[in-house]
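Here is the structure we will look at.
We use all heavy atoms of the structure for the numbers below, so side chains are in, but hydrogens, waters and symmetry mates are not. Both ligands and their constituent atoms are indexed starting at 1 by order of listing. One is the number of the first residue; the rest follow in order along the sequence.
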Amino acid sequence: MSLPFLGRAVVITGASSGIGEACARAFAAAGASLWIAARRGKRLEALADALAESPGGKPEVRVLDVRKPAAVEAFAQAAGPPEVLVNNAGLSRGLSPLHEGDLLDWEEMIDTNLKGLLLVNRAFLPGMVAAGKGHLIHMGSIAGREVYPGGNVYCATKHAVDALTRSLRLDLNGTGVRVSTVDPGLVESEFGEVRYRGDRKRAAKAYEGMTPLHPDDVADAVLWAATRPSHVNAAEILLLPTDQASPTLVHRQEKET
Ligand code: NDP
Ligand code: 8X3
């Protein structure tokens, strides 16, 4: 088996579940020396234990809230410039129309998905630029390309991620650092449970009668982007379930009665 990342550092934020965890498993199998970060340390420790015998060694765990500038900076200092930075941590809260929205939900989404992503980039990119190489991979979303009812602030944060991906490609042109975005449609993870604050039944409704993406499908796309030859930048990947044509058009099988 080829190990394209043997001994090379890969940093993944939001690695305690879903897409980030799947990315950690995929990069570990590709030989990476991982740095995995999120707020839930126990989850990260369990993942690190599970990956301890990986060819790149046991992942380094960092309990991190991406909203905290000093902690993000300390993380970047400790990890050093990575070969790949998967800037993935993110969440949605609620699905209310804007005029009924909750200010704290807005704040949490903006501070995590937008400001958190910025803080992580600001902390890690100087080292990557100085090294003259590296690959920044944003976790965007179909919600960064289209909007849907109640998606308002979440969609705005993901549209902002899209704008930052494109801006960074301009700012980093000539530095040797690649910038990509992977934009999934519906992925079955803890995303819905977080959006609906633990209401699993409501979260499961999003996938009713259709086959969503699995976090491993997204990790495959991330790993594919990261393993292109250095002169190739897989700039944007839109990854949809076959059953999904847009945020609002999803083919669902009728339930048998
Ligand atoms: P999960 O809820 O399963 O994972 C979210 C991850 O983000 C967790 O590891 C969580 O860790 C971490 N996270 C959230 N807030 C913070 C924070 N303040 N600091 C550090 N880490 C944080 O959802 P997904 O895996 O689905 O989501 C991952 C990314 O994919 C998000 O950016 C999301 O917007 C995006 N996405 C998801 C889609 C989907 O349908 N599921 C589709 C398109 C994009 P912890 O709570 O331990 O901090
Ligand atoms: C997550 C996909 O459509 O639930 O970004 O917002 S969606």
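Heavy atoms of Pro215 stay at 4.0 angstrom or farther from ligand 1. Ligand 1 is approached by Gly140 to a heavy-atom distance shorter than 4.0 Å. Residue Thr13 places every heavy atom at 4.0 Å or more from ligand 1. Proximity of Glu193 to ligand 1 is not established, as no heavy-atom distance is less than 4.0 Å. Between Arg43 and ligand 1 there is no heavy-atom distance shorter than 4.0 Å. At least one heavy atom of Gly185 sits under 4.0 Å from some atom of ligand 1. The shortest heavy-atom distance from Gly116 to ligand 1 is not under 4.0 Å.
Near Phe191, meaning under 4.0 Å from any of its heavy atoms, are these atoms of ligand 2: 1 (C), 4 (O). Taking every non-hydrogen atom of Met139 and a distance limit under 4.0 Å, the qualifying atoms of ligand 1 come out as 29 (C), 30 (O), 35 (C). Residue-ligand proximity, Gly18 to ligand 1, at heavy-atom distances under 4.0 Å covers atoms 3 (O), 25 (O). Taking every non-hydrogen atom of Arg40 and a distance limit under 4.0 Å, the qualifying atoms of ligand 1 come out as 8 (C), 11 (O), 45 (P), 46 (O), 47 (O). Counting the atoms of ligand 1 from 1 in the order shown, those under 4.0 Å from a heavy atom of Asp65 are 17 (C), 18 (N), 19 (N).
Among Ala206, Gly151, Ser141, the residue whose heavy atom lies nearest to atom 5 (O) of ligand 2 is Ser141.
Electrostatic pairing of Asp162 and Lys158 does not count as a salt bridge here, judged by no charged N lying under 4.0 Å from a carboxylate O. Arg145 has a carboxylate O that lies under 4.0 Å from a charged side-chain N of Glu236, or vice versa, which qualifies the two as a salt bridge. Ion pairing between Glu45 and Arg40 fails under the 4.0 Å rule for side-chain N and carboxylate O. Contact check on Arg25 versus Asp216 returns no salt bridge, with no Lys/Arg side-chain nitrogen under 4.0 Å from an Asp/Glu carboxylate oxygen.
Among protein heavy atoms, the minimum distance from atom 1 (P) of ligand 1 is reached at Ser17 OG, 3.3 Å.
Between the side chains of Ser16 and Arg43, no donor N or O sits under 3.5 Å from an acceptor N or O. When only modelled atom types and interatomic distance are considered, Asp102 and Ser96 share no side-chain donor-acceptor pair under 3.5 Å.
Within a 6.0 Å radius of CD in Glu53, no more than 12 heavy atoms belonging to other residues, nucleotides or ligands are found. Heavy atoms of other residues, nucleotides or ligands lying less than 6.0 angstrom from CZ of Arg122 number 12 at most.
Each of Leu64 and Ile12 belongs to its own hydrophobic cluster when Ile, Leu, Val, Met, Phe, Trp and Tyr are linked at side-chain heavy-atom distances under 4.5 angstrom. In this structure, Phe124 is not a member of the same hydrophobic cluster as Val161, with clusters built from ILVMFWY side-chain heavy atoms closer than 4.5 Å. Hydrophobic clustering (side-chain heavy atoms under 4.5 Å, transitive across Ile, Leu, Val, Met, Phe, Trp, Tyr) keeps Val250 apart from Leu95.
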Please evaluate residues Tyr148 and Tyr154 with respect to the criterion ring-ring contact (aromatic ring centres under 6.0 Å, His included), reporting the C-alpha separation (whole Å), side-chain torsions for both, the decisive distance (0.1 Å), and the verdict. CA-CA 10 Å; Tyr148 53 87; Tyr154 177 72; 7.2 Å; no
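For ligand 1, the polar-atom distance check finds an N/O of Val187 within less than 3.5 Å of one of the ligand's N/O atoms. Considering backbone and side-chain atoms together, Gln244 places no N or O closer than 3.5 Å to any N or O of ligand 2. At a 3.5 angstrom cut-off on N or O pairs, Ser141 does not count as close to ligand 1. For ligand 1, the polar-atom distance check against Gly14 finds a nitrogen or oxygen pair separated by under 3.5 Å. Considering backbone and side-chain N/O atoms, Ile19 comes within less than 3.5 Å of an N/O atom of ligand 1. Polar contact check, Tyr207 against ligand 1: no nitrogen or oxygen pair lies under 3.5 Å apart. Distances between N or O atoms of Val66 and those of ligand 1 include at least one value under 3.5 Å.
Each of Asp183, Thr181, Asn88, Thr165 was scored for a side-chain hydrogen bond (donor to acceptor under 3.5 Å, both in side chains) with His138, with one residue passing: Thr165.
Counting heavy atoms under 4.0 Å from ligand 1, residue Ala37 does not touch it at all.
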